[in-house]
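Each chain gets a letter, A, B and so on, in the order the sequences are listed, and its residues count up from 1.
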Amino acid sequence: MTYTFKPEPFEPPVRRIDYEKELNPAQYEAVTTLEGPILVIAGAGSGKTRTLVYRLAYLVEHGVDPGAILLLTFTRKASREMLTRAVHLLNQALGQVVGGTFHGICYLWLRQYGERLGYPKGFTVMDRADQGDLLNLLKERLGFKKLSGPFPRKETIAEMLGAVVNKDLSLDFLLSRDYPQFLEQRDHLAKMAAAYQDEKRRHALLDYDDLLLEGRRLLIEHEDVRRHLSNRFRYLMVDEYQDTNRLQAELVQLLAYSHKNVMAVGDDSQSIYSFRGANFRNIMDFPNLFPGTRVIKLEENYRSTQPILDLANAIIAGARDKYTKCLFTRRADGRRPRLFRAATENEQSRLVVAQVQALQEEGTPLSQMAVLIRAGYHSFDLEIELVRNGIPFMKFGGFKFMESAHIKDLLAHLRVVANPKDTMSWNRLLLLVPGVGRATCNKFNAQVQDSFDLADGITWLRQQRRPQELKDLAGLMESLNGPGHTLMTRMNQTLAYYEPLAKARYDDYPKRMKDLEHLVNITARYQELQAFLNDLTLEPPSSLADVVTPTEDYLTLSTVHSAKGLEWDAVFVIWAAEGRFPGFYSQEGDDEMEEERRLMYVAATRARNYLAVIFPSIGYSRQFGMTVNSPSRFIADIPRDLLEPWRAEVEEW
DNA sequence: CGGATCCCGGTTTTT
DNA sequence: CCGGGATCCG
């Protein structure tokens with residue numbers, strides 16, 4: 001008898017994954033449980049991403065159609081990374097898996113089904129600056145500008161409206177609890193809120209919150225859509241669940257209604273988005289939302305050395321709410337974390353530079369080092385010092401270049417093409433024209449706005465006697481609206497039109513032009529105008545200052561928020577001083593202070609081998625002049641055997 | 001309409 | 001003390 005082995009040359013070489021061997025028991029359980037609700041409490045560095053990636057692979061290996069998997073993450077970058085890793089693991093394309101943020105996914109579905117809710121195809125997603133502009137406009141229109149007495153600034157109003165949605169509060173309750181000083185403006189604020197809603201609706205504008213709200217409405221009011229989506233996505237995975245809010249939890253519930261196959265992954269100790277309505281208690285609530293939830297805890301840390309973990313545990317041990325989760329590691333050895341007291345901010349910067357260089361000489365590449373900050377501006381001095389020393393770096397988080405005026409100026413021209421109802425952008429681009437001021441804008445609004453037609457707008461521009469420049473604008477708009485231009489071409493046309501205006505307007509015009517050219521380059525990836533614009537709003541590219549080519553080895557500068565989920569061999573936490581980290585704005589409330597503590601915990605747990613905490617003992621602020629800083633309360637009382645005080649040897653110059 | 005001046009407020013974090 | 005925003009005036 002002969003046996004014939006039939007090789008299968010057309011099958012790709014599939015790597016068989018030994019799940020049991022490559023995962024620890026808790027991870028294995030999470031990965032191999034395919035049906036029903038699961039909550040994975042994953043401590044920092046406990047292989048949370050690994051678990052998600054393996055589960056993705058496991059699902060597909062067990063015959064689940066990748067198109068039936070929906071991966072909800074905090075950033076699109078995170079979901080891309082997970083997919084890439086799963087593809088690598090499986091050696092199989094997973095292009096069908098849908099992944100993204102709650103906002104991004106809702107946006108997708110609103111584009112698809114928005115007409116069911118009365119939205120035109122070309123609706124605009126507003127960013128925070130747009131919200132401010134619109135609120136300002138309404139404030140004026142409603143005559144609240146000349147109101148006597150304290151009236152909240154537009155940023156504050158936006159914050160209040162966001163809190164009402166994301167924290168599910170009534171305006172009255174919110175005012176009396178958080179803004180008692182504005183309680184007397186209650187009626188005015190309610191009017192503002194109503195006008196804001198009305199204006200958005202009439203002009204096809206959706207702010208971030210609306211994406212979630214309208215997404216929810218879509219699923220509630222249109223049973224067929226809900227059924228369709230729920231049946232299509234039979235496997236939901238939600239990352240960073242501790243940072244979701246009630247509304248997002250509801251969306252998950254709606255999506256899962258026909259199958260309850262949800263895996264939520266998160267860590268209550270790393271909840272750092274309460275200002276956005278997230279509540280770390282939500283994660284505890286998951287089993288109530290989904291009865292029969294299997295809870296799995298990942299407690300072994302694979303990232304950090306024991307000394308670093310000891311410090312992190314000591315930081316979180318001071319938290320008001322304690323959890324049963326207990327992290328341990330097998331990486332027993334390692335350098336003790338160090339606490340540096342620098343004399344000044346600049347000494348702090350030079351200290352970082354010196355250590356970065358020393359680590360580099362020891363063989364740690366720049367890409368394996370990061371400097372973490374509480375707020376974007378905390379690294380200004382360091383950035384100068386890095387440039388001076390020729391150390392390439394990239395900065396993440398903090399100021400968004402998308403919000404800078406020149407970017408918004410340029411994009412305004414394209415935005416009205418995509419959505420002619422976008423009055424804010426009309427106003428913005430009109431005001432750029434020399435000789436055009438409020439009066440012209442008002443005239444435009446009165447005579448054209450209600451037709452909401454781009455062609456009418458262009459005609460109006462042509463009809464104007466003066467200023468002459470309005471004719472140029474009309475020409476540009478016509479060309480932008482015309483057929484046969486790629487997005488790139490349109491961008492370049494706009495840039496050509498805008499350049500002289502920018503030159504006249506901004507002293508630092510060359511720098512700004514560089515930004516704009518970079519923006520034009522980004523355009524290459526997009527075909528469609530609306531997708532491009534809304535993508536920029538939903539996932540703006542990070543800052544462009546001192547950008548280096550991505551292939552180059554660079555040091556990471558990041559806010560702690562933007563560093564979530566990432567890790568490096570060496571981590572520096574700078575400005576670990578009272579008033580900065582924790583910031584003085586969080587001194588009032590206990591909840592806020594607790595969150596600052598978790599933030600410090602997140603920062604400390606980013607480090608694999610080396611952790612340095614630094615603060616300058618002398619600070620300078622505009623308001624107070626010279627100040628003496630004390631170390632952050634989160635590290636001040638840590639015993640010396642956990643955090644070694646270190647005297648820096650930085651040569652003076 | 002746009003430049004000048006005055007006055008208030010005050011530096012988070014992000015989709 | 002600096003910058004943004006509102007207001008005033010030419």
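- A/Asp210 places its CG atom 13 Å from the C1' atom of B/dT15, with the value rounded to the nearest Å.
- Whole-Å rounding puts the A/Tyr273 OH to B/dT15 C1' distance at 9 Å.
- By the stacking rule of 5.5 Å between ring centres and under 30° between planes, A/Phe275 stacks on the base of B/dT13.
- Not a single salt bridge (Lys or Arg N to Asp or Glu O under 4.0 Å) links A/Arg597 to another residue, sequence neighbours left out.
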- Intermediate values then yes/no, salt bridge (Lys or Arg N to Asp or Glu O under 4.0 Å), A/Arg111 and A/Glu528: CA-CA 13 Å; A/Arg111 278 206 69 180; A/Glu528 198 217 353; 3.1 Å; yes

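- Side-chain atoms of A/Arg153 lie closest to B/dG10 of the nucleotides B/dT15, B/dG10, B/dT14.
- Rounded to an integer number of Å, the gap from CG of A/Asn245 to P of B/dT13 is 20 Å.
- Salt bridge status for A/Asp133 with A/Lys154: absent, with no side-chain N to carboxylate O gap under 4.0 Å.
- Considering only the side chain of A/Tyr585, B/dT11 comes nearest among B/dT13, B/dT15, B/dT11.
- Comparing B/dT11, B/dT14, B/dT15 by their nearest atom to the side chain of A/Arg128 picks out B/dT14.
- Between A/Arg580 and B/dT11, a side-chain N or O to OP1/OP2 separation shorter than 4.0 Å is absent.
- By the 6.0 Å and 45° rule, A/Arg201 stacks over the aromatic ring of A/Tyr119.
- Atom OH in A/Tyr208 sits about 8 Å away from atom C1' in B/dT14, given to the nearest Å.
- Remark: A/Thr537 is not in phosphate contact with B/dT15, judged by side-chain N or O atoms under 4.0 Å from OP1 or OP2.
- With rounding to whole Å, A/Arg598 atom CZ is found 13 Å from B/dT13 atom C1'.
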Contact list (N/O, under 3.5 angstrom) for nucleotides 1-3 of chain B vs protein:
residue : atom : partner  : partner atom : Å
B/dC1   : OP1  : A/Gly437 : N            : 2.8
B/dC1   : OP1  : A/Thr440 : N            : 3.1
B/dC1   : OP1  : A/Thr440 : OG1          : 2.6
B/dC1   : OP2  : A/Arg438 : N            : 3.1
B/dC1   : OP2  : A/Ala439 : N            : 2.5
B/dG2   : OP1  : A/Gly435 : N            : 2.4
B/dG2   : OP2  : A/Val436 : O            : 3.1

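- Using a 4.0 Å cut-off between charged nitrogen and carboxylate oxygen, A/Asp267 and A/Lys48 do not count as a salt-bridge pair.
- The side chain of A/His103 has B/dT15 as its nearest neighbour among B/dT11, B/dT15, B/dT13.
- Of the candidates A/Arg428, A/Glu199, A/His203, A/Thr423 forms a side-chain hydrogen bond (donor to acceptor under 3.5 Å, both in side chains) with just one, namely A/His203.
- The distance between atom CG of A/Leu251 and atom P of B/dT15, rounded to the nearest whole Å, is 18 Å.
- Separation of the P atoms belonging to C/dC2 and B/dT13 is 22 Å when rounded to the nearest angstrom.
- Rounding to whole angstrom units, CD of residue A/Glu155 and P of B/dC8 are separated by 18 Å.
- Atom CD in A/Gln131 sits roughly 14 Å away from atom P in B/dT15 (whole-Å rounding).
- Distances were taken from every side-chain heavy atom of A/Arg276 (C-beta onward) to each of B/dT13, B/dT15, B/dT11; the shortest belongs to B/dT15.
- A close approach under 4.0 Å does occur between a side-chain nitrogen or oxygen of A/Lys154 and OP1 or OP2 of C/dG5.
- Closest approach of A/Arg606 to A/Ala563, counting heavy atoms only: CD-O, 3.4 Å.
- For A/Thr75 and B/dT15, the shortest distance from a side-chain N or O to OP1 or OP2 is not below 4.0 Å.
- When only modelled atom types and interatomic distance are considered, A/Asp209 and A/Asn166 share a side-chain donor-acceptor pair under 3.5 Å.
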